[in-house]
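Everything quoted here is computed from the prediction, not taken from an experiment. In listed order, ligands and their atoms are each counted from 1.
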Amino acid sequence: MSQTFDFILIGAGHNGMTCAAYLAKAGYSCLVLERRNKIGGCATTEEAMPEAAPGFKFNLCAIDHEFIHLGPVLRELKLEHYGLEYLWCDPTVFCPHPDGSFFLAWQDVERTCKEIERFSPRDAVAYRDFISYWQRAMRLFATTFNAAPQSIPGILRNFNPTVINDLFDLADGPTGILEFARRMVTSPQNLINEWFDAEFIKAPIARLAAELGAPPSEKGIAFGVTMLAMRHGPGMSRPRGGTGMLTQALGALLTNLGVEILTDAPVARILVDNTGRAVGVRTQAGQEYQCKMGVISNLDAVQLFNKLLDPADAEAWAEGVTGRLNRTVVNNNESVMKIDCALSEPPRFSAWGHQDDWLIGSLLIADSVEHVERAHQEPLQGKIPDDPSLYVVVPTVLDPSMAPPGKHTLWIEFFAPWEITQGSDRDWGLIKEKIADRCIDKLAGYCPNLKSSIIARRVESPVELAARTATLKGNFYHMDMTVEQMLFFRPLPELANYKTSITGLYLTGAGTHPGGSISGMPGRNCAHAILREHRSFTRPRIVHKVGKRVKNFAMQAAFRAGVDVNNI
Ligand SMILES: Cc1cc2nc3c(=O)[nH]c(=O)nc-3n(C[C@H](O)[C@H](O)[C@H](O)COP(=O)(O)OP(=O)(O)OC[C@H]3O[C@@H](n4cnc5c(N)ncnc54)[C@H](O)[C@@H]3O)c2cc1C
């Protein structure tokens with residue numbers, strides 16, 4: 001037995017569900033099929049150690065939400081009506097430096113400058129200028145983030161007086177625009193050296209920029225420094241109850257809009273008819289679902305074309321695309337290793353005059369730019385970093401609801417190779433606990449109470465993360481976020497506008513513009529592109545319904561008057 005929907009979405013990641021929400025709001029029937037037994041993809045909160053640590057909730061992947069506040073998804077979908085409440089981090093970053101200095105960023109720039117002034121008055125002045133510059137740049141980038149990359153009218157619509165003002169500021173002076181262009185093609189490392197002197201401030205900026213998934217020396221990704229600028233505005237937040245509350249809210253909205261969501265339903269094949277149109281899907285269990293308007297993939301294009309399309313269909317209707325994806329898309333060997341711990345007390349950075357409030361934001365273990373660089377270069381070469389640079393969060397300081405009273409959780413992430421190609425131990429299954437011990441030792445060097453406070457821990461290697469999330473080589477951005485794979489190049493120029501040459505087969509998710517992280521932008525942009533193709537995006541559900549009623553009424557009136565509507 002098969003069922004028919006307007007659209008079928010493969011994957012219930014936050015982008016797939018965002019896309020479904022816009023389509024359903026426009027009046028279309030949608031089915032979302034998710035392979036896991038729960039929705040959310042890389043945005044879930046789970047009681048991951050129910051026996052060893054009951055009542056402790058862990059964000060198994062994403063934790064800090066910034067990009068989603070640069071677009072209108074939250075406002076347009078009114079997710080607060082479905083239980084989503086954002087808690088704002090302040091301070092946003094704490095990075096202790098081995099010489100006893102530290103970088104402490106508050107949401108307020110002036111307050112942050114005062115902290116920096118204690119260790120480097122010159123860099124405090126530079127910081128004010130730096131953040132102001134990159135915040136303006138960020139607002140400018142956001143005009144492209146919130147539109148299909150090849151839609152000039154869509155991008156222009158996002159220009160408002162503030163952004164136009166930002167553009168004039170950035171282009172100010174005889175060389176302003178050239179200077180902006182130069183900064184865009186340089187590396188985060190060069191940019192940081194251009195602005196700052198002291199290592200205690202350079203290292204955390206490099207660490208955050210490297211969150212794009214490339215070492216700070218990589219040319220063309222200097223815009224990674226906006227990862228820090230964003231923390232000053234719009235700010236950095238986390239959903240109360242964990243990241244999973246975002247996807248739970250999306251799930252509740254979809255249910256309310258009549259969207260059917262099926263979990264434990266991995267899609268095995270996209271059904272393409274003999275005119276080259278995607279007309280449905282078949283799950284691994286053999287169940288078929290038909291659709292009238294399209295199939296939308298939340299997984300990356302490489303896996304989609306290689307695994308879910310029949311090679312004969314791919315070759316007949318998208319000639320050469322699979323080969324081009326396989327040869328052209330760059331997905332380096334860099335993934336992440338994740339450690340989650342249940343704690344009896346928060347870690348204490350005693351040598352830095354620790355205050356519990358400093359644990360609200362992200363804690364960065366980044367001793368120098370050189371340390372961050374090595375911690376990225378080694379995974380790229382298939383080596384587990386000897387001295388990983390850690391991104392650490394104690395989510396329960398901001399949100400105590402995520403653990404039993406008085407207890408805490410610890411979230412640790414660091415860059416690690418998906419495939420180990422150096423050294424004698426190359427099997428992640430055999431060595432992951434040893435590597436986790438090395439990280440805990442490193443962190444305990446900063447907070448001596450850490451080891452005795454660990455109640456339980458869960459270690460997930462890049463290989464396990466890839467299997468759990470179905471991400472290619474454990475790349476949680478679905479493909480690298482390097483400059484030649486962004487904007488109208490993502491994932492390939494011919495696939496960059498969320499469409500493929502197979503009629504009715506669409507792409508969304510982190511592997512499409514503007515890329516990975518929690519933003520909902522690929523989902524919203526994809527829905528825009530589809531709706532524009534079928535009818536006006538601005539035509540709301542109610543207008544659709546009223547339109548249908550008027551049409552029915554007219555047909556009935558014509559029938560009663562004896563007019564044969566088929567001949568009109
Ligand atoms: C450890 C870690 C930490 C992170 N930290 C942050 C952070 O702090 N801030 C941030 O902004 N971002 C962070 N990210 C990145 C962010 O989580 C992702 O980029 C983002 O969630 C991707 O969302 P998506 O909807 O595009 O794709 P995904 O979340 O990957 O969703 C894709 C969905 O498709 C499903 N699927 C795949 N194949 C099939 C199939 N054949 N049939 C049916 N379903 C299928 C998958 O199961 C999944 O549910 C982190 C990621 C990881 C792994």
J.: Among all protein heavy atoms, pick out the one at the shortest distance from atom 39 (C) of ligand 1; state its residue, atom name and that distance to 0.1 Å.
T.: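 The answer is Arg35 CD, 3.6 Å.
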J.: Check each atom of ligand 1 against the heavy atoms of Ala510 and keep those under 4.0 Å away; list them by number with element.
T.: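 Under 4.0 Å from Ala510, ligand 1 has these atoms: 26 (O).
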J.: May I ask which of Trp411, Tyr477, Phe476 has a heavy atom nearer to atom 53 (C) of ligand 1 than the others do?
T.: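 Minimum heavy-atom distance to atom 53 (C) of ligand 1 goes to Phe476.
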J.: What atoms of ligand 1 come closer than 4.0 angstrom to any heavy atom of Gly13?
T.: 25 (O), 29 (O), 31 (O), 33 (C), 49 (O)
J.: Nearest to atom 41 (N) of ligand 1, what protein heavy atom do you find, and at what distance?
T.: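 Atom 41 (N) of ligand 1 sits closest to the protein heavy atom Val267 O, 3.1 Å.
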J.: Take the angle between the ring planes of Trp88 and Tyr86 and call it parallel below 30°, perpendicular above 60°, tilted in between.
T.: tilted
J.: Is any side-chain N of the basic residue among Lys25 and Glu76 closer than 4.0 Å to the acidic one's carboxylate O?
T.: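 Answer for the salt bridge query: no.
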J.: Arg207 vs Phe103, test: side-chain contact (heavy atoms from CB on, under 4.5 Å). Steps then yes/no.
T.: CA-CA 12 Å; Arg207 181 62 182 81; Phe103 176 65; over 6 Å; no
J.: If you look at every heavy atom in Thr508 and Thr512, which pair is closest and at what distance?
T.: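 Looking at all heavy atoms of both residues, the shortest contact is C-OG1, 3.5 Å.
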J.: Could you tell me which atoms of ligand 1, counted from 1 in the order shown, lie closer than 4.0 angstrom to a heavy atom of Glu413?
T.: 1 (C), 2 (C), 3 (C), 4 (C)
J.: Run the salt-bridge test on Glu433 and Arg457 with the 4.0 Å N-O cut-off and return the result as yes or no.
T.: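 Yes, charged N to carboxylate O under 4.0 Å.
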J.: Considering heavy atoms of the protein only, find what lies nearest to atom 11 (O) of ligand 1 and give residue, atom and distance to 0.1 Å.
T.: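 Result: Ile518 N, 2.8 Å.
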J.: Any idea which atoms of ligand 1 are less than 4.0 Å away from a heavy-atom of Leu33?
T.: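 Every atom of ligand 1 under 4.0 Å from some heavy atom of Leu33: 43 (C), 44 (N).
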J.: Can you list the ligand 1 atoms lying under 4.0 Å from a non-hydrogen atom of Gly516?
T.: 19 (O)
J.: For Asp64, is there an ion pair with Arg238 - N to carboxylate O distance below 4.0 angstrom?
T.: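 Here Arg238 pairs with Asp64 in a salt bridge, since their nearest N and O are under 4.0 Å apart.
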J.: Take Asn158 and Asn146 through the side chain to side chain donor-acceptor pair (under 3.5 Å) test and state the conclusion after the steps.
T.: CA-CA 7 Å; Asn158 291 329; Asn146 289 295; 5.9 Å; no
J.: For atom 29 (O) of ligand 1, which protein heavy atom lies nearest, and how many Å away is it?
T.: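 The protein heavy atom lying closest is Cys42 N, 2.8 Å.
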J.: Could you tell me which atoms of ligand 1, counted from 1 in the order shown, lie closer than 4.0 angstrom to a heavy atom of Gly509?
T.: 26 (O)
J.: Please list the nearest protein heavy atom to atom 30 (O) of ligand 1 with its residue and the distance rounded to 0.1 Å.
T.: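 Protein heavy atom at minimum distance: His478 NE2, 2.9 Å.
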J.: Using distance alone, decide if ligand 1 has a nitrogen or oxygen within less than 3.5 Å of any nitrogen or oxygen in His65.
T.: no
J.: Ignoring hydrogens and geometry, is there a side-chain-to-backbone donor-acceptor pair from Tyr391 to Leu208 under 3.5 Å?
T.: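 Not at all, since once roles are kept as given, no pair shorter than 3.5 Å links the two residues.
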J.: Looking only at protein heavy atoms, which one is nearest to atom 12 (N) of ligand 1, and how far off is it?
T.: Ser517 CA, 3.4 Å
J.: Please state which protein non-hydrogen atom is closest to atom 49 (O) of ligand 1 and give its distance, to 0.1 Å?
T.: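 Nearest protein contact, heavy atoms only, for atom 49 (O) of ligand 1 is Glu34 OE1, 2.6 Å.
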J.: Which ligand 1 atoms are under 4.0 Å away from a heavy-atom of Gly11?
T.: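 Contacts of ligand 1 toward Gly11, numbered from 1: 33 (C), 34 (O), 35 (C), 44 (N).
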J.: Got a salt bridge between Lys338 and Glu413, using NZ or NE/NH1/NH2 to carboxylate O under 4.0 Å?
T.: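 So Lys338 does not pair with Glu413 through a salt bridge.
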J.: Does Thr508 approach ligand 1 within less than 4.0 angstrom via side chain, backbone, both or neither, non-hydrogen atoms only?
T.: neither
J.: With a 4.5 Å cut-off on side-chain heavy atoms, are His528 and Ser151 touching?
T.: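 Counting from C-beta outward, Ser151 and His528 never come under 4.5 Å.
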J.: Enumerate the atoms of ligand 1 whose separation from the nearest heavy atom of Ile10 is less than 4.0 angstrom.
T.: 40 (C), 42 (N), 43 (C)
J.: Who gets closest to atom 6 (C) of ligand 1 by heavy atom: Ala43, Ala62, Cys19?
T.: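 It is Ala62 whose heavy atom sits nearest to atom 6 (C) of ligand 1.
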J.: Between Arg231 and Glu211, does any side-chain N to carboxylate O distance fall below 4.0 Å?
T.: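 Judged by the 4.0 Å cut-off on N to carboxylate O distance, Arg231 and Glu211 do not form a salt bridge.
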J.: For atom 9 (N) of ligand 1, which protein heavy atom lies nearest, and how many Å away is it?
T.: Asp64 O, 2.8 Å
J.: Using 30° and 60° as the class boundaries, would you call the ring planes of His376 and Phe415 parallel, tilted or perpendicular?
T.: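 Rings of His376 and Phe415: tilted, 30 to 60°.
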